[in-house]
Amino acid sequence: NGADAALKKRIPQWWWPTSPCNDGFATTAPVKSFAPTVAGIWDLSGNVWEWLSDWYDPEYYSESPLENPKGPDSGLLKSLRGASWSNKPSYMRVANRYREAPDALFANVGFRCAQ
C-alpha cells in the first residue's frame, strides 16, 4: 500500500510522486488487505513505516555482524523500515530504512508486534 491513484484522488494536491496503479486505499489499509509473502508474512512494506527497537546509525551495517545484527547500543534516532502509504513505489522495500526521533508521531508510522 503506497502512494498511488487512490491517494491522488483523495488528496489532489499531493506533492510526492505517486504510482499510476490503484490499490483502493488512499492512506492506511486494514491488516491482511494484500496477499502474504511466500513465507506467509503479511504487510511487510508499505501501509506504515514500522518502528524498530534498533537505534539508527547510518554506518552501523558496514561493521555489524552478518547474521542478526542488533543495532547500536545507543543513539538519538530510532530506525524505521518498510515505507508507507505516503511513499512512492521505489521505497516499497522491506530493506528500506529511515530514522526519526523516538517520540515522533506521524500518521504514516506504526509498529509490528513480533515474537
Side-chain angles (χ1 to χ4, degrees):
N1 178 20
D4 63 8
L7 173 61
K8 195 70 170 168
K9 181 178 178 182
R10 183 165 170 195
I11 308 172
Q13 68 276 19
W14 190 256
W15 67 96
W16 197 253
T18 59
S19 164
C21 70
N22 187 341
D23 60 23
F25 299 99
T27 58
T28 56
V31 173
K32 296 186 178 180
S33 292
F34 307 102
T37 66
V38 294
I41 303 171
W42 298 85
D43 307 324
L44 279 179
S45 58
N47 215 25
V48 294
W49 285 95
E50 295 179 0
W51 285 111
L52 302 178
S53 61
D54 297 5
W55 290 100
Y56 179 80
D57 177 351
E59 304 303 319
Y60 176 75
Y61 287 109
S62 65
E63 301 172 11
S64 70
L66 293 177
E67 291 189 28
N68 198 21
K70 301 292 185 190
D73 292 330
S74 62
L76 297 175
L77 303 173
K78 285 289 198 170
S79 293
L80 300 157
R81 281 207 189 262
S84 79
W85 56 264
S86 65
N87 295 114
K88 59 187 177 180
S90 62
Y91 276 50
M92 299 294 131
R93 301 179 314 115
V94 175
N96 193 22
R97 292 187 310 142
Y98 195 61
R99 74 270 181 223
E100 272 301 340
D103 58 353
L105 298 172
F106 298 99
N108 64 344
V109 175
F111 63 92
R112 172 183 299 267
C113 296
Q115 297 181 13

* Asked: Angle class for the W85/W14 ring planes (parallel below 30°, perpendicular above 60°, tilted otherwise)?
  -> tilted

* If you measure from OG1 on T27 to CZ on R10, what distance do you get to the nearest 0.5 Å? -> 4.5 Å

* **Axial cation check for W55 ring with K78, 6.0 Å and 45° limits** => yes

* Structure fact -> In terms of heavy-atom contacts, A3 and P17 come closest through CB-O, 3.8 Å

* **Within-4.5 Å side-chain heavy-atom neighbours: F25 and P30** => yes

* **Distance, nearest 0.5 Å, that separates CH2 of W15 from OG of S86** => 7.5 Å

* Asked: If Ile, Leu, Val, Met, Phe, Trp and Tyr residues are connected whenever their side-chain heavy atoms lie under 4.5 Å apart, and connections chain through other members, are V38 and M92 in the same group?
  -> no

* Would the number of heavy atoms belonging to other residues, nucleotides or ligands and lying under 6.0 Å from OH of Y61 be above 12? -> yes

* To do: Sort out for me which residue in L80, T28, D43, V109 forms a side-chain contact (heavy atoms from CB on, under 4.5 Å) with V48.
  => T28

* Kindly work out whether a path of hydrophobic side-chain contacts (I/L/V/M/F/W/Y, heavy atoms less than 4.5 Å apart) joins F106 to W51. => yes

* Structure fact -> dist W42:CH2 -> K32:NZ (nearest 0.5 Å) comes out at 5.5 Å

* R99 side chain reached by D57 side chain, heavy atoms, under 4.5 Å -> no

* Could you pull out the closest heavy-atom pair between P69 and D54, with the gap in Å? => O-OD2, 4.5 Å

* Is there a donor-acceptor pair under 3.5 Å between the side chain of D23 and the backbone N or O of A6? -> no

* Structure fact -> dist D4:CG -> K88:NZ (nearest 0.5 Å) comes out at 15.0 Å

* Can any side-chain N or O of N108 pair as donor or acceptor with the backbone N or O of S84 at less than 3.5 Å? -> no

* Backbone of S79 reached by a side-chain donor or acceptor of R97 within 3.5 Å -> no

* Report the distance from atom CD of E100 to atom CG of L105, rounding to the nearest 0.5 Å. => 10.0 Å

* Hey, what do you get for CH2 (W16) to CG (L7), rounding to the nearest 0.5 Å? -> 12.5 Å

* Check the angle between the aromatic planes of W49 and Y98 and answer parallel, tilted or perpendicular using the 30° and 60° thresholds. => tilted

* Hey, are the side chains of R81 and N96 touching, using non-hydrogen atoms and a 4.5 Å cut-off? -> no

* Under 3.5 Å, side chain of N47 to main-chain N/O of A29, donor-acceptor pair present? -> yes

* **Hydrophobic cluster membership, Y60 vs V94, 4.5 Å side-chain cutoff** => no

